[in-house]
Amino acid sequence: MLLPRDLLLLLPWRRATAAGEAIARRLNHHRAPPFSDPDDDPPFTRLAERPPRAPSKKKKKEEEDQGGRIRPPEPASSDLPFDFQYSYSETDPAWRPIGFREPTRFSPFGPGRLDRPWDGVAAAAARGDGAGAAATSREEVLGEPLAEEEVAQLVERYRHSDCSRQINLGKGGVTHNMIDDIHNHWKRAEAVRIKCLGVPTLDMDNICFHLEDKTGGKVIYRNINILILYRGRNYDPKQRPQIPLMLWKPLAPIYPRLVQNVADGLTFEKTKELRNTGLNSSPLMKLTRNGVYVNVVDRVREAFKTVEVVRLDCSHVGSSDCKKIGVKLRDLVPCVPLLFKDEQIILWRGKVKQENSVSLQFSPEPS
């Protein structure tokens with residue numbers, strides 16, 4: 001028996017079929033055209049391929065100037081008369097490394113970016129009469145000496161801690177990239193304030209020398225660890241020297257041992273006795289990390305007038321900084337480092353000083 005269409009729509013199974021037909025019609029409305037690829041996955045849409053962009057006029061001109069091929073940039077050259085190295089104040093040319101921690105062919109200036117060869121420690125400059133010409137040009141840039149009133153004005157402007165023209169000098173000392181930072185400050189300021197912290201403050205004279213020698217400026221103010229470096233009367237930022245930057249910090253070379261098992265002029269038993277005496281004695285002073293050590297050398301010299309062995313407490317300073325402090329004290333006091341243990345430095349005044357003190361004590365009075 002046939003039922004009317006309206007009665008068929010009243011049936012529940014027929015209503016579900018009608019809803020399915022409506023959904024099917026809706027899907028067929030959005031169906032891809034018949035000429036589309038049957039292998040296409042419906043949930044994804046293939047992007048139309050875009051034609052390649054035409055090269056710009058500037059790029060075409062560069063290719064024409066280069067002869068149609070890409071050429072690497074030429075290595076930078078600088079007329080500065082000194083050798084380029086990572087730190088100028090914390091290294092000594094007299095120290096000869098016995099090895100390197102990285103191949104010497106890897107220059108920290110980058111491959112092919114500098115016309116000076118890198119030997120693992122420094123990039124040597126061409127030898128010639130550049131030093132005399134540099135000294136003459138430095139005197140011309142500095143011009144006439146500043147008057148006391150001019151120095152007082154510059155000091156009052158740049159000596160305060162909130163000065164925006166400030167460079168922090170850390171344990172690396174006077175580094176190569178710091179020279180470029182100083183010249184960048186000198187573009188808009190007559191002087192720059194330099195705050196020194198850490199191991200380099202043991203020898204502030206050395207820092208002042210290298211700042212003046214490498215930048216061509218003049219230190220017009222020095223108070224404990226604060227310096228003000230003046231650029232000169234005739235300084236022209238457009239004629240500043242070209243300073244190629246170091247892209248990374250090179251690994252430090254390997255140097256001979258600082259502390260020997262037996263000190264020079266002593267036996268093993270005497271060396272061991274001095275080490276135990278130093279460890280059991282009270283520390284002369286306690287050094288802090290990245291502190292100011294401007295008075296350490298004088299205090300060690302004064303202590304050696306009465307005692308033979310001195311202990312410095314370097315807790316939380318770091319083993320690397322402890323050894324650097326020992327090297328500087330060995331050359332500045334001078335003395336003999338006996339032991340670096342648990343961030344404690346044991347220094348011996350040396351046999352030469354002892355003999356000199358004894359000879360002066362028993363020397364006859366002049367008639």
Using residues 317-334 as the side-chain source, report each donor-acceptor pair under 3.5 Å to any protein atom, sequence neighbours left out, with the distance given to one decimal.
none

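- Under a hydrophobic clustering in which Ile, Leu, Val, Met, Phe, Trp and Tyr are joined whenever their side-chain heavy atoms come within less than 4.5 Å, directly or via other members, Val192 and Ile224 fall into the same cluster.
- Contact record, Pro241 with His183: CD-CE1, 3.7 Å, taken as the closest heavy-atom pair.
- For Ala122 against Gln85, the heavy-atom pair with the smallest separation is CB-CB, 3.9 Å.
- Looking only at side-chain heavy atoms (C-beta outward), Leu347 and Leu338 stay at 4.5 Å or farther from each other.
- In the model, Thr175 has no side-chain atom that pairs as donor or acceptor with a side-chain atom of Asn177 under 3.5 Å.
- Each side chain to side chain donor-acceptor pair (under 3.5 Å) pair with one or both residues in residues 204-223, not counting sequence neighbours, appears once here: Asp205-Arg222, Asn206-His210, His210-Lys214, Tyr221-Asn223.
- The shortest non-hydrogen separation linking Asn225 to Cys196 is ND2-O, 2.8 Å.
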Side-chain donor/acceptor pairs under 3.5 Å, residues 242-255, sequence neighbours excluded:
none

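- For the residue pair Pro256 and Ile98, the shortest heavy atom distance occurs at CG-CG2, 3.9 Å.
- Sorted by first and then second residue, the ring pair (Phe, Tyr, Trp, His ring centres under 6.0 Å) pairs involving residues 139-176 (not counting sequence neighbours) are Phe84-His176, Phe109-His176.
- Taking both residues in full, the closest heavy atoms of Cys314 and Ile345 are given as SG-CD1, 3.5 Å, listed atom of the first, atom of the second, then distance.
- Asn261 meets the side chain to side chain contact (heavy atoms under 4.5 Å, CB included) test with Arg257; sequence neighbours excluded.
- Under the 4.5 Å side-chain heavy-atom criterion for ILVMFWY residues, a single connected hydrophobic cluster contains both Val300 and Val199.
- At least one side-chain heavy atom of Val296 sits under 4.5 Å from a side-chain heavy atom of Leu287.
- Counting heavy atoms from C-beta outward, Val174 and Ser87 have side chains that stay 4.5 Å or more apart.
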Hey, can you pull the donor-acceptor pairs under 3.5 Å for the side chains in residues 144-152, sequence neighbours left out?
unit_1, atom_1, unit_2, atom_2, d
Glu150, OE1, Ala147, N, 3.0
Glu150, OE1, Arg233, NH2, 2.6

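- For the pair Glu90/Lys171, no side-chain contact is recorded, criterion being any heavy-atom separation below 4.5 Å from C-beta on.
- Here the side chains of Val121 and Tyr86 are not in contact, with every heavy-atom distance at 4.5 Å or above.
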**Message:** Before you tell me yes or no, could you show the steps for Cys335 and Phe304 under side chain to side chain contact (heavy atoms under 4.5 Å, CB included), namely the whole-Å CA-CA distance, both residues' side-chain angles and the distance that decides it to 0.1 Å?
**Reply:** CA-CA 9 Å; Cys335 58; Phe304 278 153; 3.6 Å; yes
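- Following chains of ILVMFWY side-chain contacts shorter than 4.5 Å, one cannot reach Leu169 starting from Tyr230, and the two form parts of different hydrophobic clusters.
- Remark: Ala303 engages Leu284, Val307, Val310 in a side chain to side chain contact (heavy atoms under 4.5 Å, CB included) (not counting sequence neighbours).
- By the side chain to side chain donor-acceptor pair (under 3.5 Å) test, Asp180 pairs with Asn184, Arg240, sequence neighbours left out.
- Between Leu227 and Ile207, the closest side-chain pair of non-hydrogen atoms falls below 4.5 Å.
- The cluster map of Ile, Leu, Val, Met, Phe, Trp and Tyr, joined by side-chain heavy atoms under 4.5 Å apart, puts Leu258 and Leu312 in the same cluster.
- Checked against side chain to side chain contact (heavy atoms under 4.5 Å, CB included), Pro111 has no partners two or more places apart in sequence or in another chain.
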**Asked** When you look at Leu229 and Ile182, which way does the side chain to side chain contact (heavy atoms under 4.5 Å, CB included) test go after all the steps?
**Response** CA-CA 9 Å; Leu229 188 63; Ile182 291 174; 4.1 Å; yes
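- Evaluation of the side chain to side chain contact (heavy atoms under 4.5 Å, CB included) rule for Arg311 yields Ser281, Pro283, Gln344, Ile346 as partners, not counting sequence neighbours.
- Considering all non-hydrogen atoms of both residues, Thr201 and Gly291 come closest at OG1-O, 3.9 Å.
- Taking CD1 of Ile194 as the reference point, atom CG of Leu211 lies at 4.5 Å (rounded to 0.5 Å).
- How far OG1 of Thr288 is from CE of Met285: 9.0 Å, rounded to the nearest 0.5 Å.
- Surrounding CG of Asp264 are at most 12 heavy atoms belonging to other residues, nucleotides or ligands under 6.0 Å away.
- Annotation: the span from Leu197 atom CG to Arg289 atom CZ amounts to 12.0 Å, rounded to 0.5 Å.
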**Trace of the salt bridge (charged side-chain N to carboxylate O under 4.0 Å, His left out) decision for Glu302 with Lys305** = CA-CA 6 Å; Glu302 290 294 328; Lys305 293 180 180 179; 3.3 Å; yes
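- Side-chain atoms of Ile228 and Arg159, non-hydrogen and from C-beta on, do get closer than 4.5 Å to each other.
- A donor-acceptor contact shorter than 3.5 Å links the side chain of Asn234 to the backbone of Glu140.
- With sequence neighbours left out, Arg193 forms a side chain to side chain donor-acceptor pair (under 3.5 Å) with Gln166.
- Checked against ring-ring contact (aromatic ring centres under 6.0 Å, His included), Trp118 has no partners two or more places apart in sequence or in another chain.
- Note on Trp186 and Ile220: separate hydrophobic clusters, where clusters join Ile, Leu, Val, Met, Phe, Trp and Tyr whose side-chain heavy atoms are under 4.5 Å apart, directly or indirectly.
- No side-chain heavy atom of Lys195 sits less than 4.5 Å from a side-chain heavy atom of Ile167.
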**Chi angles and distances behind the side chain to side chain contact (heavy atoms under 4.5 Å, CB included) call for Lys270, Val262** = CA-CA 9 Å; Lys270 183 61 176 178; Val262 180; over 6 Å; no
